[in-house]
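Taking it in order: structure first as structure tokens, then the write-up.
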Amino acid sequence: MVVRVVVVDDQDMVRSGIAALLSAQSDIDVVGEAPDGRRGVEVCRSTHPDVVLMDIRMPEMDGLEAARRLLDPPPGVTHRPKVLMLTTFDLDDYVYETLRAGASGFLLKDAPVAELVQAVRVIAAGDALLAPSVTRRLIEDVTRRRPQAGRRARLRLNGLTPRETEVLGLVARGLSNTEIAGTLVVAEQTVKTHMTRLIAKLGARDRAQLVVLAYESGLVVPGSAG
């Protein structure tokens, strides 16, 4: 499968550089570029990419607002791409908000080429880019400062079964479905079923939002997810 990608960044050299690197991959097709969030949304509406690489801080419309518009489109718009946020700062509240809005993960702009390419493939496959420890550090840092979000998140977890709650905790600790299956001594398909139910019950878009909820609710205590 060829992954269709749009790159949105206000720095011309950064945007064209990322586009060139991705275009060199046989399984990735860069179908559009944009210099700001507003244009980025327009390009995505017309090209229907699988993955959008979105800078956070841009003129006209920042990446957070653009991501919200793509992930929660108006009536009549059915296309919802996966969104990978690009940032210069690893502890950035904007990144946290995009994860809550449904972004599938984020990557630092100075990440190695191989990491960038792999990130696009991972997100296109439906997984969240949560492996880097910096992602956990970001969520931990913000949830410490936002206790009100924790109260709301705890209420959302009330309808989970004990096993679903256990699976959610393991997801937040960064375990893959295969690793969760091994830990709980169940079939991987069983874990996938639990994941489907968790996403449905919690109204989450994907694995990234499940991790945010696990931290906000206090199910996973900051600093305990190593």
Side-chain angles (χ1 to χ4, degrees), residues 1-71 73 77-92 94-95 98-99 101-138 174 176-178 205-209 211:
M1 182 187 91
V2 175
V3 181
R4 296 166 56 83
V5 174
V6 165
V7 182
V8 185
D9 195 299
D10 64 317
Q11 294 179 289
D12 292 344
M13 290 184 65
V14 172
R15 186 177 68 251
S16 59
I18 290 174
L21 291 170
L22 293 177
S23 295
Q25 308 301 312
S26 61
D27 60 339
I28 297 176
D29 182 16
V30 177
V31 297
E33 299 178 34
D36 58 67
R38 180 182 61 79
R39 292 276 300 280
V41 172
E42 292 173 356
V43 170
C44 290
R45 293 275 193 261
S46 63
T47 60
H48 293 181
D50 302 302
V51 176
V52 182
L53 272 66
M54 180 82 72
D55 186 22
I56 293 224
R57 299 175 184 275
M58 295 181 290
E60 293 289 329
M61 180 189 293
D62 64 26
L64 172 57
E65 179 59 28
R68 283 174 172 160
R69 294 191 184 195
L70 290 173
L71 296 168
V77 177
T78 58
H79 178 253
R80 288 181 175 85
K82 304 286 186 181
V83 177
L84 172 64
M85 305 306 300
L86 299 173
T87 181
T88 307
F89 311 103
D90 56 5
L91 290 181
D92 188 333
Y94 280 92
V95 178
T98 59
L99 289 175
S104 295
F106 80 96
L107 196 66
L108 295 178
K109 284 188 177 182
D110 60 358
V113 174
E115 191 172 325
L116 170 66
V117 172
Q118 181 62 14
V120 170
R121 291 171 178 152
V122 164
I123 287 180
D127 292 326
L129 192 71
L130 297 169
S133 61
V134 69
T135 305
R136 291 201 303 266
R137 206 166 76 241
L138 166 74
S176 67
N177 286 354
T178 301
R205 178 177 170 84
D206 59 15
R207 211 177 188 96
Q209 283 193 313
V211 173

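Side chains included, hydrogens not; waters and symmetry mates left out as well; all remaining heavy atoms used.
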For [X] versus [Y], what's the shortest heavy-atom pair and its separation?
X: L107; Y: A119; value: CD2-CB, 4.1 Å
X: G40; Y: V8; value: CA-CG2, 3.9 Å
X: L116; Y: I18; value: CD2-CG2, 4.0 Å
X: P49; Y: P81; value: O-CB, 3.4 Å
X: R45; Y: R69; value: NH2-O, 3.2 Å
X: A67; Y: V83; value: CB-CG1, 4.2 Å

Would you compute the distance between atom [atom1] of [X] and atom [atom2] of [Y] and round it to the nearest 0.5 angstrom?
X: D29; Y: S23; atom1: CG; atom2: OG; value: 7.0 Å
X: M85; Y: L53; atom1: CE; atom2: CG; value: 9.5 Å
X: K82; Y: L71; atom1: NZ; atom2: CG; value: 9.5 Å
X: C44; Y: R39; atom1: SG; atom2: CZ; value: 12.0 Å
X: Q118; Y: Q25; atom1: CD; atom2: CD; value: 10.5 Å
X: D36; Y: M58; atom1: CG; atom2: CE; value: 6.5 Å

Mind checking what makes side-chain contact (heavy atoms from CB on, under 4.5 Å) contact with [X], not counting sequence neighbours?
X: V43; value: V6, A34, T47
X: H48; value: H79
X: A20; value: none
X: T178; value: S176, E188

Check: V120 and V5 side chains under 4.5 Å, non-hydrogen atoms |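 They are in side-chain contact.
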
Min side-chain heavy-atom separation L22-V117 under 4.5 Å =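 With C-beta onward as the side chain, the pair touches.
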
Step by step, would you call V52 with L84 a side-chain contact (heavy atoms from CB on, under 4.5 Å)?
-> CA-CA 6 Å; V52 182; L84 172 64; over 6 Å; no

Ionic contact status for K109 with D9, cut-off 4.0 Å =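 Here D9 pairs with K109 in a salt bridge, since their nearest N and O are under 4.0 Å apart.
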
Is any NZ, NE, NH1 or NH2 atom of the basic residue among D12 and R15 found under 4.0 Å from an Asp or Glu carboxylate oxygen of the other?
->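 Here D12 pairs with R15 in a salt bridge, since their nearest N and O are under 4.0 Å apart.
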
Test V51 against V3 for side-chain contact (heavy atoms from CB on, under 4.5 Å), laying out the working first.
-> CA-CA 7 Å; V51 176; V3 181; 4.0 Å; yes

Any donor and acceptor pair, going by atom type alone, linking the side chain of D62 with main-chain N or O of I56 inside 3.5 Å?
->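 No.
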
Exam field: side chain R4 to backbone D50, donor-acceptor pair closer than 3.5 Å |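 Not at all, since once roles are kept as given, no pair shorter than 3.5 Å links the two residues.
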
Looking at V41, L86, L70, T87, which one forms a side-chain contact (heavy atoms from CB on, under 4.5 Å) with M54?
->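 Between M54 and the candidates, side-chain contact (heavy atoms from CB on, under 4.5 Å) is satisfied uniquely by L70.
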
Residues in salt bridge (Lys or Arg N to Asp or Glu O under 4.0 Å) contact with D27, at least two apart in sequence or another chain =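 By the salt bridge (Lys or Arg N to Asp or Glu O under 4.0 Å) rule, D27 matches R121.
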
Just jot down the salt bridge (Lys or Arg N to Asp or Glu O under 4.0 Å) partners of D110, sequence neighbours excluded, or say none.
->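 Once residues adjacent in sequence are excluded, D110 has no partner under the salt bridge (Lys or Arg N to Asp or Glu O under 4.0 Å) criterion.
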
Mark yes when over 12 heavy atoms from residues, nucleotides or ligands other than M1 sit less than 6.0 Å from its CE; otherwise mark no.
->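 Buried by this count: over 12 neighbours within 6.0 Å.
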
